[in-house]
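Presented below is the structure to which this report refers.
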Amino acid sequence: MANDPLKTKLTGMLGIEFPIVAFTHCKDVVDAVVNAGGFAVLGEAMHTPDEIAADIKWIREKVGDKPFGIDLVLPASAPPAGALAELQKEIPETHLKFKQEINERHDIPEPKNPPALHQWGGLNQEMARAQLDVVLEERVPVFTSGLGNPGFILEAAHSRDMLVFGLIGKTRQAKRELEEGVDAIIAQGTDAAGHTGPIGTFSIVAEVAAIAGDTPVIAAGGVTTGRHLAAALCLGASGVWTGTLWLACRESDSDIIIKEKLLAASSDDTIYGRSVSGMPMRTTKCVWTDEWGKPDAPKTLHAPYQMLLSADYIQSANDHRREDLMFEACGQGVGFVTAMKPARQIVADMVEETLDVFDELTADDPVTA
Amino acid sequence: MSDAPVQSRPGFDSEMAGKHAECDGGGSVAGTKYAGREDFAGTLTGEYVDHGDPPWRWYVMADLTLKPESYTETTVWCQAGNLFLTEDHRP
């Protein structure tokens, strides 16, 4: 081929070999992917400012001058603050009874440890702001905003030679952030894990690419193979954002039970719903999601009330390591995650498959559908 | 890093008060690494708070005409950058 399809606006901007971005909560995966020629972003939404500073130091020692990113979930909306005890009193009796019935039907034991609930209220804005200040102080090469608009921080970040990427679920949000000058847009489709929106990856990536001009677009949602990467590049993206792909890799610190569950899962084993937290998210199916999906189940409550209901379940599932109870945020591309490979191998396989696809498409006698 | 708490400065923006807006909202889920997206629409009261420097502005939205089905509060805080005024005026 005359041009290398894997040399994109994104690889040029970051100085990386391959347009593959790993999103992970595990520092070892960041280390492995960055040193394999990709780019990696560490999700730090639930960490304290001091923990974030320590993680940044650790990564720098592992990757040297190579770029990496830190992701925070900047909130975009927040309910009025309330005390935890007051909130718990407001949970309807019907929901508490249903939770008890689930516990009895599935013999769910009491958790060994108290659920790790953050304090309510100030968490959303003030905690996120304190986290963000650490990222600025540390001059992390790339800051990615996993939900809210990072426009207010652009000037401060750019003055520190940092890049800022915004992750969006709607095209109008991408348009807003592009006008404000973000350095790249991550266009996330509903196939993705966790806090995805309702629009499909194929639709939102093409829409955002059409308005992005010279700003790189990174495709997110269901991306787990080189064929996905090739398709994303054809849609106008400059790279892919991958999360589920790394959950079961050798370096991942996910529980082995979760890894085995993911390796056995297909796209039909994920569910997009509100039963875990009261806000929509995509996870693997489990006892909890099955029960709240039944016709006679009460309607899920809004966050934070639904989370107060599910907190004991989640803690018990993890404390007792019950396969039927445990779940993980997981995208619909999980069906291609079938082996517990080292991250470096995953990068190499994805690159090779992408090039094979482009070779097929550009061959003199291309394979036709 | 600085140990100083993030400064929060409340205020009132009369130009925003009474404007109808939509918010591409959502946020993290307390106690977990998860988050969720959700949409709101309503009327801005004009009340705001700025967190830190550079200021990160949030407005109060009331009289909600669109909210998640199970959302029981009567108001919601919305990040300025995720607000879209019905008249397409930038907040």
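Chain identifiers are assigned alphabetically (A, B, ...) following the order of the sequence lines, protein sequences preceding nucleic acid strands; residue numbering begins at 1 within each chain. Everything quoted here is computed from the prediction, not taken from an experiment.
You'll find the side chain of Y34(B) reaches within 4.5 Å of the side chain of E328(A), heavy atoms only. Residues R274(A) and P68(B) have side chains in contact (heavy-atom distance under 4.5 Å, counting atoms from C-beta outward). Residues F84(B) and Q173(A) have side chains in contact (heavy-atom distance under 4.5 Å, counting atoms from C-beta outward). The side-chain heavy atoms of L74(A) and W56(B), taken from C-beta on, include a pair separated by under 4.5 Å.
When all heavy atoms are compared, the tightest approach of I153(A) to P54(B) is CD1-CG, 3.9 Å. Minimum heavy-atom separation, L167(A) to R37(B): CD2-NH2, 3.0 Å. Considering all non-hydrogen atoms of both residues, V73(A) and G27(B) come closest at CG1-C, 4.1 Å.
With a 4.5 angstrom heavy-atom cutoff, T196(A) touches chain B only via backbone atoms. Residue A329(A) touches chain B through both its backbone and its side chain, counting heavy-atom pairs closer than 4.5 Å. For L301(A), the part lying near chain B is the backbone, with the side chain staying farther off; criterion is any non-hydrogen pair under 4.5 Å. Using a 4.5 Å cut-off between heavy atoms, I168(A) contacts chain B through its backbone alone, with no side-chain atom that close. For F40(B), the part lying under 4.5 angstrom from a heavy atom of chain A is the side chain only. With a 4.5 angstrom heavy-atom cutoff, S8(B) touches chain A only via side-chain atoms.
The candidate with the highest count of non-hydrogen atom pairs below 4.5 Å against chain B, out of G169(A), G278(A), G197(A), P150(A), is G169(A). By number of non-hydrogen pairs under 4.5 angstrom with chain B, the leading residue of G43(A), G146(A), G151(A), G148(A) is G148(A). Chain B forms the most heavy-atom pairs under 4.5 Å with one residue out of E44(A), Q306(A), E177(A), M281(A), and that residue is M281(A). With chain A as the partner, the residue from G26(B), P55(B), G52(B) showing the most heavy-atom pairs under 4.5 Å is G26(B).
Heavy atoms from other residues, nucleotides or ligands lying under 6.0 Å from CD of E155(A) number 12 at most.
The existence of a salt bridge linking D39(B) and K170(A) is confirmed by a sub-4.0 Å separation between a basic side-chain nitrogen and an acidic carboxylate oxygen. Using a 4.0 Å cut-off between charged side-chain N and carboxylate O, E22(B) and R172(A) make a salt bridge.
Side-chain N/O atoms of E38(B) and H302(A) include a donor and acceptor closer than 3.5 Å.
Here the options are V76(B), L83(B), D24(B), the test is side-chain contact (heavy atoms from CB on, under 4.5 Å), and the partner is S77(A); only V76(B) passes.
A distance of 9.0 Å separates OG in S70(B) from NZ in K299(A), rounded to the nearest 0.5 Å. The CG atom of L132(A) sits 12.5 Å away from atom NE2 of H51(B), with the distance rounded to the nearest 0.5 Å.
For N82(B) (side chain) and N149(A) (main-chain N/O), a donor-acceptor pair under 3.5 Å exists by modelled atom type. No donor-acceptor pair under 3.5 Å is formed between the side chain of R129(A) and the backbone N or O of Q7(B).
Cation-pi check for R57(B) over F152(A) is not met; the charged atom does not lie both under 6.0 angstrom from the ring centroid and within 45 degrees of its normal.
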